[in-house]
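Once you've had a glance at the structure underneath, I'll fire off some questions.
As the structure is a prediction and not an experimental result, all values here were calculated from the model. When reading the values below, keep in mind they use all heavy atoms of this one structure, side chains included, and skip hydrogens, waters and symmetry mates.
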Amino acid sequence: MIKTIKKRIFDIIQIGNKEDLPSRSFDILISVVIILNITAMFVETFSQMAFLHPACKVIELVTVIIFCIEYALRIWTADLLYKDVKRGRAILKFLISYDGIVDLLTILPFFFLSGFVLFRMLRVVRIFHLFRINAQHDSFSVITSVLKEKKNQIFSSLFIIVVLMLASSIGIYNVEHEFQPEVFENAFSGIWWSMATLLTVGYGDIYPVTVLGKIMGIIIAFLGVGVVAIPTGIISAGFVEHYSKKQNSLVKFNDISSIGEISVTKESGLTGLNASEIAEDFGMNVIVIIRDNLTLIPNDTIAAEEGDILVVKSDKLIKKAAGKSRRK
């Protein structure tokens, strides 16, 4: 009985289960609680809203109690999350996991670290846990996948940025220190200036006054445009590759007996149709298109031509598909 209740609670508190109404309701409840908690913290910073501060304290107390209950339930069901280890080990794994640490830092500030705003703001991170939906529709999952796939290129581009920042900071320090010793006091002042110049249009608090320094500033500003574009281009290319792979993966080979070849002729009704149209009109998923000596991956921009051989998957009899005319 207890195991059944425990399993049900575990299923409910798992985030992103859209098919389970109690689990989905729990996700919504936690979202509302997080928003209320952050809103109360926000309102407490306004002296003009002092009359609302008592209510904010009550909201914060109630929301933290809910956080504590959730944290306790996650510790209790940790052995269901980590089934491959013993209960004590499972609890430890949860406590030192990202989710466990964030949950703990959500609670601790209220009791011990009320002055540490940084810890309190970690509550915001919890809301991103609610985006664990099906990988095919989860934008955050797509972003994570792209960053993992392109991590080496991104690290390389960040290394270039760091090198340029160090080089420009030392260079501007040597040029401007003699004329602005109080502004470019040390190399760190140069790093702040180089960061503002490379990655933004500059804050205006530190700027060169010498001709050579201004020339360096112009060059570094132009380099900054290209430097920022490098990781942006890498990530954009990653998204294009990801969605191209997703679009081209139209078939799962569940039943090899339903895969066959069809020749595209004038009488087949397939000429001029792309993979999506063939799937809609004939109930077949095109796996590959064999054209002359080329093997083409089907997508919505490639239309079947006379003489092509289509490798298709269909639950229907494939031989009937070739004689079927297109529906108007």
Side-chain angles (χ1 to χ4, degrees), residues 15-19 27 98 124-125 127-165 195 197-201 220-254 256 259 261-262 264 270-314 326:
I15 298 171
N17 188 358
K18 298 177 66 174
E19 297 179 357
D27 292 348
Y98 173 80
V124 181
V125 180
I127 200 165
F128 294 103
H129 295 182
L130 303 180
F131 293 96
R132 295 175 185 170
I133 312 174
N134 190 296
Q136 295 181 348
H137 306 286
D138 186 6
S139 299
F140 284 88
S141 177
V142 172
I143 294 172
T144 303
S145 299
V146 170
L147 292 178
K148 286 181 179 179
E149 291 175 1
K150 300 296 181 180
K151 62 181 179 181
N152 292 334
Q153 295 91 325
I154 294 174
F155 285 144
S156 298
S157 64
L158 293 178
F159 177 76
I160 294 174
I161 293 175
V162 171
V163 170
L164 287 177
M165 285 180 59
M195 183 277 295
T197 306
L198 276 170
L199 304 181
T200 70
V201 294
I220 292 171
F222 274 106
L223 288 175
V225 175
V227 164
V228 173
I230 292 174
T232 304
I234 292 171
I235 295 173
S236 299
F239 277 110
V240 172
E241 291 177 8
H242 180 89
Y243 283 111
S244 296
K245 291 178 182 177
K246 182 179 177 181
Q247 186 179 25
N248 293 331
S249 300
L250 298 177
V251 178
K252 295 183 178 179
F253 297 93
N254 295 323
I256 196 68
I259 294 177
E261 294 181 354
I262 292 180
V264 179
L270 298 171
T271 306
L273 303 182
N274 59 35
S276 297
E277 292 170 334
I278 292 174
E280 180 180 354
D281 291 354
F282 294 92
M284 300 183 298
N285 288 326
V286 181
I287 303 173
V288 293
I289 301 173
I290 301 175
R291 179 175 299 169
D292 297 329
N293 294 324
L294 299 177
T295 300
L296 307 178
I297 302 299
N299 57 49
D300 290 344
T301 63
I302 299 178
E305 298 179 358
E306 186 177 352
D308 289 351
I309 297 177
L310 307 182
V311 179
V312 300
K313 177 181 182 296
S314 175
R326 184 182 179 186

#### Entry: Side chain Glu149, main chain Val146, donor-acceptor under 3.5 Å
no
### Query
Any side-chain heavy atom of Phe282 sitting closer than 4.5 Å to one from Val312?
no
Name each donor-acceptor pair under 3.5 Å that joins a side chain in residues 221-228 to protein atoms two or more places apart or in another chain, with its distance.
none

### Query
Roughly how far, to the nearest 0.5 Å, is CD1 of Ile220 from CE of Met195?
13.0 Å
### Task
Calculate, to the nearest 0.5 Å, the distance between atoms CD and CD1 belonging to Gln153 and Ile234 respectively.
6.0 Å
### Query
What residues, two or more places apart in sequence or in another chain, satisfy side chain to side chain contact (heavy atoms under 4.5 Å, CB included) together with Val311?
Ile259, Glu261, Ile287, Val288, Ile290
### Message
Distance check, rounded to the nearest 0.5 Å: Ile289 atom CD1 versus Ile297 atom CD1?
### Response
9.0 Å
### Task
Begin from the C-alpha positions of Leu310 and Met284 and carry the test side chain to side chain contact (heavy atoms under 4.5 Å, CB included) through to its verdict.
CA-CA 10 Å; Leu310 307 182; Met284 300 183 298; 5.8 Å; no
### Query
Can you list the residues that meet the salt bridge (Lys or Arg N to Asp or Glu O under 4.0 Å) rule with Glu305, with sequence neighbours excluded?
Arg291
### Task
For Ile235 and Leu147, run side chain to side chain contact (heavy atoms under 4.5 Å, CB included): C-alpha distance rounded to whole Å, both residues' side-chain angles, the deciding distance at 0.1 Å, then the answer.
CA-CA 7 Å; Ile235 295 173; Leu147 292 178; 4.2 Å; yes
#### Entry: Side-chain donor/acceptor of Asn299 to backbone N/O of Ile302, under 3.5 Å
yes
### Task
To the nearest 0.5 angstrom, please state how far the CG atom of Asp308 sits from the CG atom of Leu270.
10.0 Å
### Task
Could you please spell out the steps behind the side chain to side chain contact (heavy atoms under 4.5 Å, CB included) verdict for Leu164 and Ile161?
CA-CA 5 Å; Leu164 287 177; Ile161 293 175; 5.9 Å; no
